[in-house]
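Taking it in order: structure first as structure tokens, then the write-up.
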Amino acid sequence: MLDARYVADHLDEVIQRLKNRSSTWESQLADLGDLASQRRQLIGTTEALAARRNAANQEMSKLAKGGDREAFALRRDELKALSAELKSEETKLSAILKTFEERLMSIPNLPHADAPVGSSEEQNRVVREWGKKPSFDFEPKAHYDLVPGLLDFERASKLSGSRFSVLWAQASRLERSLITYMLNVHTEQNGYTEVAVPYLVRSAPLEGTGQLPKFEQDLFQTKRHEDDEEPLYLIPTGEVPITNLHADEIFEPGSLPRSYCGFTPCFRSEAGSYGKDVRGLFRQHQFDKVELVCFAEAEKSEEAFQKLTADAESILQQLGLHYRVVELCTGDLGFSATKTYDLEVWLPSQGRYREISSCSLFGDFQARRAKIRYRPAVKQKPQLVHTINGSGLAVGRTLIAILEQYQEADGSVSLPAALRPLMGCDEIAGQKF
RNA sequence: GGAGGCGUGGCCGAGUGGUCGAAGGCAGCGGUUUUGAAAACCGCCGUAGUGCAAGCUACCGGGGGUUCGAAUCCCUCCGCCUCCGCCA
């Protein structure tokens with residue numbers, strides 16, 4: 001959420017910056033200035049009435065003790081009118097506050113000044129490339145045609161419908177090894193604290209990180225029974241529970257930055273992605289991810305963002321996977337992000353780079369929603385932390401990249417050296433089950 | 001699923017209708033004392049909104065109600081705990 005005061009005082013600037021995301025914001029924000037000034041005015045009148053009532057209450061307290069019943073009754077009847085007036089102003093005010101808050105909750109973060117301006121991924125900026133494109137003296141296959149039998153989409157469909165997968169034997173072990181490997185690297189080399197979190201959450205955490213209220217259609221919701229008042233949601237990313245671990249907390253001086261990593265499955269309805277990436281593991285309703293989350297002081301967040309991105313990259317590098325880093329343009333940024341680097345891994349079968357990690361700087365946007373603050377020094381006022389997160393990495397997509405980049409002509413795959421100890425073998429080949 | 005209990009400031013814990021944003025204690029911060037430390041003593045010590053400021057306002061799990069006035073009474077929702085049942 002943006003700062004209400006900032007929006008009220010700099011409405012034109014906010015509109016200008018949001019227009020870089022989408023031209024529609026200009027009209028959507030047109031009435032916001034009016035709402036903001038109504039809010040201020042009502043706060044003023046309501047508080048003045050409340051001050052009068054409070055003063056009168058002290059007087060009443062004395063009258064009650066003094067025992068002058070007649071004066072008390074007289075004054076009491078006068079105060080009824082004041083109370084009624086106050087109540088009516090409070091009702092108006094709370095309606096305005098609610099509307100204002102709802103509007104603010106649906107406004108995305110302001111793009112960072114550095115972010116390339118553009119309306120689609122065409123305008124994303126390539127920041128760097130790492131490694132070399134693997135070359136093949138045969139036609140490289142797609143991951144779903146490699147290690148035949150190990151990736152089982154028919155059985156998955158029987159169980160759960162489309163966009164689910166079953167992994168057999170060495171494919172399942174590869175998934176598990178990747179999770180372990182990533183967590184090991186982040187905890188042992190990159191300085192992260194590992195955390196295991198719930199996969200079902202209430203709505204408040206989803207509001208905290210920005211998935212709700214706007215993107216409910218992307219989520220799976222669970223009901224405990226028909227008239228469940230507060231359904232739980234399956235997390236669409238580990239970012240949600242991990243970032244919200246510190247909701248409503250104030251970090252003490254000296255306790256930042258904090259870097260957490262955690263493995264979670266992720267669940268996405270993929271509403272609106274019909275026809276996209278329909279084959280294979282690339283886009284699933286359920287996938288595994290190792291998430292990186294960092295809480296940093298405001299002045300140090302840019303630096304922390306660069307580090308977190310490099311930490312995610314370290315996995316790709318140690319696995320020897322060719323990739324590039326792109327900075328998303330303003331039109332491609334996610335709702336809560338002010339700046340995002342996507343790590344895109346090379347997929348030989350598609351002849352292009354595909355997203356395997358998305359690392360974002362949120363500034364204080366999520367912290368304001370989730371009320372995550374820190375005290376810069378003893379006795380100082382709390383301020384909002386900056387949050388940063390990224391995939392480190394999406395496990396299924398890493399599995400795809402390994403299969404494709406390390407494939408052999410016969411459809412088998414030789415494993416990157418880093419994974420061999422965990423896998424207990426040097427290569428994997430197809431097998432029917 | 002059945003029965004009961006509880007939600008107060010960083011923590012513990014008073015407060016059952018009237019200057020209560022809230023006693024007291026612990027922790028923390030500043031000081032006095034001390035060669036230094038501990039102890040003792042004194043002071044400070046929640047968050048937010050609004051205003052140029054002094055200040056004012058709000059917040060005792062959330063929402064609603066009663067009342068001139070609610071942390072205190074009523075309703076409702078949420079969360080947590082204990083016991084029983086079921087269960088990985």
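All values reported here derive from a predicted model rather than from experimental measurement. Quick note on labels: first sequence line is chain A, next is B, and so on, each numbered from 1.
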request  = Find the distance A/K80:NZ to B/C68:C1' and express it as a whole number of Å.
outcome  = 8 Å
inquiry  = What verdict does the ring-ring contact (aromatic ring centres under 6.0 Å, His included) test give for A/F295 and A/H246, after you've listed the backbone C-alpha separation in whole Å, the side-chain angles of each residue and the deciding distance to 0.1 Å?
reply    = CA-CA 9 Å; A/F295 302 87; A/H246 291 297; 5.1 Å; yes
ask   = Is A/R202 positioned over the aromatic face of A/Y233, cation under 6.0 angstrom from the ring centre and no more than 45 degrees off axis?
value = no
remark   = Of the candidates B/C68, B/U57, B/U47, the side chain of A/P382 sits closest to B/U47
message = Taking only side-chain N and O atoms of A/R375, does any of them lie within less than 4.0 angstrom of OP1 or OP2 on B/C45?
response = no
message = Checking contacts here: which listed nucleotide (B/U50, B/G18, B/C68) is nearest the side-chain heavy atoms of A/R39?
response = B/U50
message = With a sphere of 6.0 Å drawn around NZ of A/K371, does it hold more than 12 non-hydrogen atoms of other residues, nucleotides or ligands?
response = no
message = Nearest to the A/A50 side chain among B/G51, B/G49, B/A58, which nucleotide is it?
response = B/A58
Nearest-nucleotide pick for A/R40, side chain only, options being B/G79, B/G51, B/G18 = B/G51
key: For B/A40, the Watson-Crick or wobble partner whose two distances fall under 3.5 Å   = B/U32
request  = Considering only atom P, compute the distance from B/U16 to B/C74 and round it to an integer number of Å.
outcome  = 14 Å
key: Test item: A/P265 and A/F263 side chains (from C-beta on) under 4.5 Å apart, heavy atoms   = yes
query = For RNA chain B, whose closest nucleotide is more 5', that of A/Q383 or that of A/N54?
reply = A/Q383
query = How does each nucleotide of nucleotides 7-17 of chain B score, in 5' to 3' order, for protein heavy atoms under 4.0 Å: base (B), sugar-phosphate only (S), or none (-)?
reply = -----------
task = Starting from C1' on B/U47, measure out to NZ on A/K381 and report it in whole angstrom.
result = 7 Å
ask   = Separation of A/E70 atom CD from B/C68 atom P, in whole Å?
value = 18 Å
request  = Sort out the partner of B/A70 for me: Watson-Crick or G-U wobble, both distances under 3.5 Å, none otherwise.
outcome  = none
ask   = For A/T264 and A/K289, does a side-chain donor sit closer than 3.5 Å to a side-chain acceptor?
value = no
query = What distance, rounded to whole Å, do you find between the two C1' atoms, one in B/G10 and one in B/G64?
reply = 31 Å
inquiry  = For A/R21, is there an ion pair with A/D332 - N to carboxylate O distance below 4.0 angstrom?
reply    = no
query = Distance between the P atoms of B/C6 and B/C87, in whole angstroms?
reply = 31 Å
task = May I ask you to decide if the ring planes of A/H285 and A/F164 are parallel, tilted or perpendicular, using 30° and 60° as cut-offs?
result = tilted
note = Taking B/C68, B/U57, B/G51 as options, the one with an atom nearest any side-chain atom of A/A51 is B/U57
ask   = Whole Å only: how far is the CZ atom of A/R53 from the P atom of B/C68?
value = 13 Å
query = Just to confirm, is there a sub-4.0 Å distance from OP1 or OP2 of B/G69 to any side-chain nitrogen or oxygen of A/S83?
reply = yes
task = Determine the interatomic distance between P on B/G21 and the same-named atom on B/C60; round to the nearest Å.
result = 12 Å
query = Please give, in whole Å, the distance from B/G62 C1' to A/K371 NZ?
reply = 12 Å
ask   = Should we count CZ of A/R420 as having more than 12 external heavy atoms under 6.0 Å?
value = yes
query = Among B/G69, B/U19, B/U66, which is the nearest nucleotide to the side chain of A/N57?
reply = B/G69
note = When rounded to whole Å, the CD to P distance for the pair A/E90 and B/A58 reads 8 Å
task = Sticking with atom C1', work out how far B/U72 lies from B/G17, rounded to a whole angstrom.
result = 6 Å
key: Selected nucleotide, minimal atom distance to A/R202 side chain, candidates B/C78, B/U57, B/U66   = B/C78
query = P atom, B/C29 versus B/C77: distance in rounded Å?
reply = 45 Å
message = I'd like the C1' distance from B/G62 over to B/G7, given in whole Å.
response = 12 Å
Considering all heavy atoms, the nearest A/F72-A/L63 contact = CD1-CB, 3.9 Å
query = What is the distance from NZ of A/K87 to C1' of B/C68, rounded to the nearest Å?
reply = 12 Å
query = In whole angstroms, how far is the C1' atom of B/G62 from the CD atom of A/E101?
reply = 14 Å
request  = Hey, which sits more toward the 5' end of RNA chain B by its nearest nucleotide, A/I43 or A/R52?
outcome  = A/I43
